[in-house]
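As structure tokens, the structure follows; a few thoughts come after it.
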Number of protein chains: 2
Amino acid sequence: MISAQGYAAHDPHSPLVPFAFERREPGPHDVRIDILHCGICHSDLHQARNDWRNALYPMVPGHEIVGRVAAVGEQVNKFKVGDLAGVGCMVDSCRTCSSCREGLEQYCENGVTFTYNARLRGSDALAFGGYSDVIVVDENFVVKISPKLDLKAVAPLLCAGITTWSPLRHWAVGVGHKVGVIGLGGLGHMGVKFAHALGAQVVMLTTSPEKAIDAVRLGADEVVLSTDRAQMKRHARSFDFLLDTIPNGHDLNPYTALLKRDATLVLVGALTELTPPLSGGSLIGGRKRIAGSAIGGIAETQEMLDFCAEHGIVSDVESIAIQSVNAAYERLLKNDVKYRFVIDMATLKTAP
Amino acid sequence: MISAQGYAAHDPHSPLVPFAFERREPGPHDVRIDILHCGICHSDLHQARNDWRNALYPMVPGHEIVGRVAAVGEQVNKFKVGDLAGVGCMVDSCRTCSSCREGLEQYCENGVTFTYNARLRGSDALAFGGYSDVIVVDENFVVKISPKLDLKAVAPLLCAGITTWSPLRHWAVGVGHKVGVIGLGGLGHMGVKFAHALGAQVVMLTTSPEKAIDAVRLGADEVVLSTDRAQMKRHARSFDFLLDTIPNGHDLNPYTALLKRDATLVLVGALTELTPPLSGGSLIGGRKRIAGSAIGGIAETQEMLDFCAEHGIVSDVESIAIQSVNAAYERLLKNDVKYRFVIDMATLKTAP
């Protein structure tokens with residue numbers, strides 16, 4: 001089923017690897033999920049195309065997975081057959097280091113096991129992700145999903161959602177805070193929704209004036225065109241927090257100028273070099289901070305999903321057939337999606 | 001007295017300005033200090049030579065000022081004639097903004113009044129600094145100095161000292177923390193002394209192997225040659241805090257790799273561009289932080305001086321005559337000082 005799909009790059013020189021693991025019979029602590037929808041993260045594209053030079057082929061991308069529990073191991077008590085369940089970017093971690101013990105498995109000091117393009121723990125077997133019909137995962141890495149929410153629109157919460165939720169919560173954003181969300185894409189649109197729902201005054205910072213109406217619809221109180229110096233100057237030293245969702249290197253200096261004393265800009269998207277270079281003085285004058293934040297732990301992912309159920313929050317999605325993945329990747333490269341593609345896995349059954 | 005000195009650059013085209021302000025009769029809240037010693041900060045050189053293109057001439061540099069109170073205004077109650085007193089980088093601020101109210105005058109939202117190369121508040125008069133025989137300053141910007149300490153070696157505490165003390169205290173460095181001090185100069189040598197006295201495990205990170213013995217003498221438990229990849233790798237992800245005292249742009253990436261999850265690198269010296277550029281991924285993987293910190297507030301400067309009196313901490317200084325300032329500047333450019341020049345103001349009386 002995997003090698004037949006045309007959506008993932010395939011290296012004909014890579015050795016054959018066992019495909020069976022993700023389809024294994026559930027062990028005592030495992031949950032088997034029939035996948036119903038899987039979001040498309042920009043990182044899927046990078047990994048499928050080996051942009052990061054770390055691809056392990058054959059690869060089944062996808063780490064925004066929602067579905068229904070089809071079977072559970074004998075010691076599983078969190079889930080029963082028929083429950084809605086989700087799997088995000090991780091399927092395992094060492095569980096013993098200080099990060100794991102604190103519920104921050106994404107920072108596992110012995111290396112987290114990602115949902116795909118990774119080797120399963122203590123094994124040579126590859127982990128396969130959510131562009132598939134089924135996944136078997138330890139219950140500790142599976143989260144519960146409320147039936148109150150539109151399931152397909154829940155999928156992106158497992159990556160885009162938690163990646164923005166985690167820093168907003170860690171830096172205790174809420175009522176009385178002026179929060180800027182930089183960039184309006186898959187991550188940014190969730191950042192706006194969450195910051196608004198947490199009670200903050202939300203300002204959307206974008207280079208695209210045409211996104212203003214949408215930003216307000218999503219929850220922004222104000223929209224600032226970040227290329228307009230006069231607009232930016234009016235907001236100088238006024239933000240309590242900036243959530244920077246730009247997915248590639250960019251100039252941070254115009255944004256650090258917006259921070260109040262002691263305020264923090266958190267990078268969640270830009271893994272590459274930040275050019276032009278940061279000015280040290282822009283941080284020293286005002287004891288300002290720049291930080292990074294990666295996805296979120298399992299406990300806070302559940303916390304986010306519960307908050308979403310309570311507040312009726314989901315992602316804005318465009319549902320596609322699995323046959324359209326390559327076209328979706330091309331549109332993703334042009335930012336032509338509002339704001340996340342989600343694959344309807346029912347279409348997998350009709351695949352040629 | 002000022003224009004006769006050869007140590008400060010002088011712009012013959014600048015209009016004459018009243019010299020009288022720093023020599024004024026003390027107002028009700030003023031303290032007049034006979035200056036006994038003044039440290040030489042690297043920023044003195046930059047400003048005297050107009051490296052930052054913001055010089056106001058004529059200029060009297062110096063913001064590491066210690067001396068004896070010679071007169072007090074009628075409402076002064078913190079000081080009496082004969083007391084030892086110090087003045088650092090600031091002589092005034094708005095006193096009403098949130099930063100001032102929190103004792104963080106250095107971040108005054110209406111702009112702090114620096115000790116020199118600045119205009120006095122609500123006046124066109126220039127502020128003149130400590131390369132002089134006398135200074136008159138509002139008592140709120142004057143700190144007390146214990147007679148237990150070597151006075152000339154106290155002078156650099158007013159800038160190099162507080163600049164390193166403030167972030168160590170703000171980020172609550174102490175027992176159980178592994179702290180790295182990057183760069184061993186005027187700031188770095190105080191960072192090592194303070195971090196050690198606060199009970200931290202201190203690692204000196206330097207590019208100069210010959211500084212190792214001195215670093216240990218100053219309080220470092222270990223010295224790491226930051227140009228040695230193997231040494232740096234052994235310390236990867238092990239630091240709770242890094243105090244970066246390098247005074248100019250440099251590569252932060254080798255240092256962020258040393259931070260533990262959630263740990264912070266604080267810049268106190270580099271005001272310019274940080275090249276090569278920072279990698280976003282170096283912060284995202286581990287929720288790491290980079291911050292800046294500027295000098296320190298008046299209350300924490302007093303706290304530091306009291307701590308120094310209690311623990312017998314002063315700077316390592318080389319006392320010079322005022323006639324040697326230009327030579328000292330040249331040596332400063334070659335890092336040829338251990339670790340701070342301090343001008344003995346008694347030599348001013350013998351000036352030609």
Side-chain angles (χ1 to χ4, degrees), chain A residues 52 97-100 102 104 106-109 111-112 163 166-167 170-171 236-238 244 246-253 256 259-297, chain B residues 52 97-100 102 104 106-109 111-112 163 166-167 170-171 236-238 244 246-253 256 259-297:
Chain A
W52 296 341
C97 73
S98 63
S99 291
C100 287
E102 291 174 49
L104 296 167
Q106 75 274 33
Y107 302 122
C108 174
E109 285 149 38
V112 72
T163 299
S166 179
H170 182 71
W171 274 270
R237 293 188 296 156
S238 71
D244 184 340
I246 299 176
N248 39 41
H250 57 284
D251 188 357
L252 292 186
N253 297 298
T256 54
L259 294 170
K260 278 185 187 168
R261 168 172 63 81
D262 288 323
T264 300
L265 176 149
V266 176
L267 297 163
V268 293
L271 291 163
T272 51
E273 284 189 347
L274 300 159
T275 50
L278 183 66
S279 148
S282 74
L283 301 181
I284 289 173
R287 200 162 58 186
K288 297 173 180 180
R289 300 115 199 262
I290 291 174
S293 179
I295 45 175
Chain B
W52 297 339
C97 73
S98 63
S99 291
C100 286
E102 291 175 48
L104 296 166
Q106 76 274 32
Y107 302 122
C108 174
E109 285 151 36
V112 73
T163 299
S166 179
H170 182 71
W171 274 271
R237 294 188 293 154
S238 71
D244 183 340
I246 299 175
N248 38 41
H250 57 284
D251 188 357
L252 292 186
N253 296 298
T256 55
L259 293 170
K260 279 185 186 169
R261 169 172 61 81
D262 288 322
T264 300
L265 175 149
V266 176
L267 297 162
V268 293
L271 291 162
T272 52
E273 286 190 346
L274 300 159
T275 52
L278 183 66
S279 148
S282 76
L283 300 181
I284 289 173
R287 201 162 58 186
K288 297 174 179 180
R289 300 116 200 261
I290 291 174
S293 179
I295 45 176

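Chain letters run A, B, ... following the sequence lines, proteins first and then strands; every chain starts at 1.
Ranked by non-hydrogen atom pairs under 4.5 Å with chain A, the options B:Gly269, B:Gly249, B:Gly281 are led by B:Gly281. Put simply, of B:Leu252, B:Thr275, B:Leu271, the one with the most heavy-atom pairs under 4.5 Å next to chain A is B:Leu271. Of the residues considered (A:Glu273, A:Lys288, A:His170), A:His170 shows the highest number of contacts with chain B, using heavy-atom pairs under 4.5 Å. Ranked by heavy-atom pairs under 4.5 Å with chain A, the first of B:Ser98, B:Pro276, B:Ser279 is B:Ser279.
Proximity to chain A (any heavy atom under 4.5 Å) is restricted, for B:Thr272, to the backbone atoms N, CA, C and O. Only the backbone of B:Val268 comes within contact range of chain A, with heavy atoms under 4.5 Å apart. With a 4.5 Å cut-off on non-hydrogen atoms, A:Leu104 touches chain B through its side chain but not through its backbone. For chain A, no part of B:Asp244 is nearby; none of its heavy atoms comes within less than 4.5 Å.
Nearest heavy atom pair, residue A:Pro277 against residue B:Leu274, reads CB-O, 3.3 Å. Shortest non-hydrogen contact noted between A:Ala294 and B:Ile284 is CB-O, 3.5 Å.
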Worked verdict on A:Glu109 versus B:Lys260 for salt bridge (Lys or Arg N to Asp or Glu O under 4.0 Å): CA-CA 10 Å; A:Glu109 285 149 38; B:Lys260 279 185 186 169; over 6 Å; no
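For the pair A:Arg261 and B:Glu102, the minimum side-chain heavy-atom distance is below 4.5 Å. With a 4.5 Å cut-off on side-chain heavy atoms, B:Arg287 and A:Val266 do not count as touching.
Residue B:Ile290 holds its CD1 atom at 12.0 Å from OG1 of A:Thr256, rounded to the nearest 0.5 Å.
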